[in-house]
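Working notes, beginning with the structure itself.
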Amino acid sequence: MTVSHRLTAPAPGWTSTTDVVVVGSGVAGLTVALNVRKAGLRAMVVTKAMLDDGSTRWAQGGIAAALGEGDTPEQHLADTLVAGAGLCDEAAVRTLVTEGPDAVRHLIATGAAFDLDQDGEILLTREGGHHRRRIAHAGGDATGAEISRALVSAVRSDPGLELIEHALVLDLLTDADGHAAGLTLHVMGEGQRDGVGAIRARAVVLATGGMGQIFSATTNPAVSTGDGVALALRAGAEVTDLEFVQFHPTVLWLGAEAEGQQPLVSEAVRGEGAHLVDADGVRFMVGQHELAELAPRDIVAKAITRRMQELGTEHMYLDGRHFGAEMWAERFPTILASCRSHGIDPVTELIPVAPAAHYASGGVRTDLLGRTTVPGLYACGEVACTGVHGANRLASNSLLEGLVFAERIAADLTSRHRAGDLPERSVDVAGARAARPVPLLAPEARADIQHLMSTGAGVLRSAASMAGTATGLARLTADEKSADPAVESWEATNLHLVATALVAAAARREETRGCHWREDFPDRDDVNWQRHIISSGPTTR
Ligand SMILES: Cc1cc2nc3c(=O)[nH]c(=O)nc-3n(C[C@H](O)[C@H](O)[C@H](O)COP(=O)(O)OP(=O)(O)OC[C@H]3O[C@@H](n4cnc5c(N)ncnc54)[C@H](O)[C@@H]3O)c2cc1C
């Protein structure tokens with residue numbers, strides 16, 4: 001048996017075999033790989049660009065865990081549940097906050113150097129929605145870069161772990177029982193493996209990160225095209241909570257025409273006391289929420305968007321001039337450099353900011369062991385929906401989720417392996433081609449999809465705006481003729497599938513909750529919508 005749909009692609013020209021194949025090399029993928037290797041399993045990591053090219057490297061603020069004096073997992077749980085607006089899976093959150101502190105310690109043991117105080121204790125800061133200082137950070141505001149450096153260095157020093165860079169994973173392969181048995185991929189290189197091939201494996205772990213590139217303005221890097229969610233949908237796995245896309249409230253505003261990845265001005269800047277102001281210098285968050293600028297992200301983003309609409313402007317400002325030059329250089333060197341490279345000096349000037357797509361709370365549905373609804377297929381990190389984030393992610397919970405659930409996946413694979421429950425899978429790679437090929441969109445469709453999504457299914461949504469987006473998306477596939485197989489057309493086709501599923505879910509959820517804001521249904525409706533919307537293949541329920 002094979003997956004029912006697959007991307008149009010040439011027949012695999014080469015085949016490799018391993019025990020566990022991990023797709024993606026961010027915090028989630030590399031943590032799974034390192035941990036399954038400890039158990040003696042063979043593993044391969046396949047990644048689309050260079051090892052450090054995902055969102056992980058870009059994370060600034062830090063990683064949340066109840067490590068500080070007086071803080072407890074119970075308090076971290078309470079803050080996470082509030083942000084999730086009634087849709088968190090409490091057992092998943094409890095797992096996250098209870099296992100989180102040890103997962104951070106394991107990361108430190110792997111080599112990640114967090115910022116310490118004079119006594120050698122981890123320095124902790126606060127971010128939106130947290131009632132405690134519980135965000136560990138590294139290099140001031142370069143937390144993700146340090147985590148990525150440490151993990152990449154660890155995987156590179158394991159000669160038994162195979163790393164395949166510049167390789168775009170296309171589709172899942174399954175065996176006669178419908179169990180994941182490997183995947184197809186396209187390697188962009190001139191090495192031993194080149195072009196389309198197949199990797200046979202006993203289990204497959206998706207750790208492909210987010211989908212921010214379905215919108216015009218995003219903090220996500222170019223690789224974040226939702227490939228894992230698209231693969232899962234084609235493979236018949238359940239995908240859930242897609243409508244809950246978090247828009248980061250403070251992204252450096254680079255002008256009305258700016259597209260693609262845009263620099264983030266971390267929440268930690270507000271955590272350290274920067275104020276949000278309008279062009280007249282009014283602190284418009286004061287009086288809107290008890291935490292003012294440190295209210296949960298959706299509240300801040302909504303307030304910024306409303307203020308922009310009221311004043312007819314395209315951005316607001318962040319005022320951190322009172323930090324002084326020394327604090328900017330020590331605490332926020334990355335943000336300082338990024339602002340200055342765009343001609344803004346935060347030491348003396350206001351920083352123009354506006355919301356942009358930042359984080360996918362939803363994704364491939366998993367249980368607490370990271371298992372998806374397709375046996376043998378796991379998902380971890382931003383591509384997964386473990387139930388931790390509900391309708392909105394609490395700041396800095398995502399790196400932690402990647403770590404905690406990666407460890408759980410590795411533990412599950414290890415115990416299955418030891419129990420003899422992870423046999424070799426037999427898959428007929430040629431037979432897999434019986435799956436129906438999906439025609440490919442031309443690379444230019446990417447910009448059309450992004451524009452349609454940002455216009456109709458972005459920060460503010462309504463039935464009318466989403467109907468326009470859905471119609472526009474459908475038009476893009478009206479021509480059944482396939483574009484030539486190439487990385488850009490595979491990515492555009494994935495973006496389209498994910499965008500279509502997201503709009504279907506967002507149109508269906510007729511309420512405002514967490515980071516999903518409906519202008520036509522401005523209230524939360526627990527009677528009808530205290531539930532998840534699940535997409536599986538072409539259906540949404
Ligand atoms: C600017 C920014 C700042 C952030 N700040 C924070 C923060 O302070 N704290 C926090 O907790 N979270 C933060 N986040 C979110 C967090 O960084 C991500 O959620 C997290 O790093 C995701 O990790 P991941 O391992 O799931 O995916 P990623 O790190 O995105 O890695 C995904 C990997 O999958 C690969 N991939 C994708 N598709 C394919 C394919 N088809 N084939 C092969 N490989 C593929 C990519 O190349 C990449 O290697 C931030 C995100 C951004 C963008």
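Each ligand, and each atom within it, is numbered from 1 in the order the structure gives. Only heavy atoms go into these numbers, but all of them, side chains included; no hydrogens, no water, no symmetry mates. Since this is a predicted model, take the numbers as computed values, not measurements. Numbering of residues begins at 1 and proceeds along the displayed sequence.
Less than 4.0 angstrom separates some heavy atom of Gly381 from each of these atoms of ligand 1: 26 (O). Close approach to Asp227 involves these atoms of ligand 1, each under 4.0 Å from a residue heavy atom: 38 (N), 39 (C), 40 (C), 41 (N). Proximity to Ala167 (heavy-atom distance under 4.0 Å) selects the following atoms of ligand 1: 42 (N), 43 (C).
A donor and an acceptor atom, one from each side chain of Asp241 and Ser361, are nowhere located under 3.5 Å apart. Residues His389 and Gln246 bring no donor and acceptor atom of their side chains to less than 3.5 Å of each other. Looking only at atom types and distance, the side chain of His137 has no donor-acceptor partner in the side chain of Thr143 under 3.5 Å away. For the 3.5 Å distance criterion, the side chains of Arg234 and Asn494 qualify, holding a donor opposite an acceptor. Residues Glu401 and Ser398 bring no donor and acceptor atom of their side chains to less than 3.5 Å of each other.
Proximity of Ala64 to ligand 1, defined as any heavy-atom pair under 4.0 Å, is not found for any part of the residue. Looking at Leu168 against ligand 1, both its backbone and its side chain come within 4.0 Å, counting heavy atoms. Contact annotation: for Ala207 versus ligand 1, heavy atoms closer than 4.0 Å belong to the backbone alone.
Protein heavy atom in closest approach to atom 10 (C) of ligand 1: Ser398 OG, 3.2 Å. From the protein, the heavy atom lying nearest to atom 39 (C) of ligand 1 is Lys48 CE, 3.5 Å. Distance from atom 14 (N) of ligand 1 to its nearest protein heavy atom, with residue and atom name: Arg393 NH1, 3.9 Å. Here the heavy atom of the protein found nearest to atom 3 (C) of ligand 1 is Leu264 CD2, 3.2 Å. Nearest to atom 2 (C) of ligand 1 among the protein's heavy atoms is His358 CE1, 3.5 Å. Closest to atom 4 (C) of ligand 1 among all protein heavy atoms lies Ala59 CA, 3.3 Å. In this structure, atom 53 (C) of ligand 1 lies nearest to the protein heavy atom Thr219 O, 3.3 Å. Atom 9 (N) of ligand 1 has Gly62 O, 2.7 Å as its closest protein atom, hydrogens excluded (heavy atom only).
In terms of N/O distances under 3.5 Å, ligand 1 is approached by Ser55. Close N/O approach between Gly61 and ligand 1 is found [any backbone or side-chain N/O within under 3.5 Å]. Looking at ligand 1, you won't find any N or O of Trp58 less than 3.5 Å from one of its N or O atoms.
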**Q.** Test side chain to side chain donor-acceptor pair (under 3.5 Å) applied to Ser148 and Asp52, step by step
**A.** CA-CA 6 Å; Ser148 185; Asp52 66 350; 5.0 Å; no

Q: Test side-chain contact (heavy atoms from CB on, under 4.5 Å) on Thr125 and Arg331 and set out the steps.
A: CA-CA 11 Å; Thr125 190; Arg331 182 68 184 85; 3.6 Å; yes

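Within the structure, the closest approach of Thr47 to ligand 1 falls below 4.0 Å when heavy atoms are considered. Thr143 does not count as a contact of ligand 1, since none of its heavy atoms falls under 4.0 Å from the ligand. In this structure, Gly144 does not count as a contact residue of ligand 1, since none of its heavy atoms falls inside 4.0 Å of the ligand. Under a 4.0 angstrom heavy-atom cut-off, Ser396 registers as being in contact with ligand 1.
Ranked by closest heavy atom to atom 29 (O) of ligand 1, the top entry among Asp53, Thr56, Val23 is Thr56. Nearest-heavy-atom check against atom 32 (C) of ligand 1 across Thr208, Val46, Val223, Val32 picks out Thr208. Comparing Gln246, Glu382, Glu401, Met50 against atom 26 (O) of ligand 1, the shortest heavy-atom distance belongs to Glu382.
Once rounded to the nearest 0.5 Å, the distance linking CD of Gln262 with OG1 of Thr218 reads 8.0 Å. For the atom pair Leu399 CG and Leu107 CG, the distance stands at 9.0 Å (nearest 0.5 Å).
When each of Leu170, Val23, Asp171, Leu231 is checked for a side chain to side chain contact (heavy atoms under 4.5 Å, CB included) with Leu183, only Val23 meets the rule.
Between Phe247 and Phe215, the ring-plane angle classifies as perpendicular under the 30° and 60° cut-offs.
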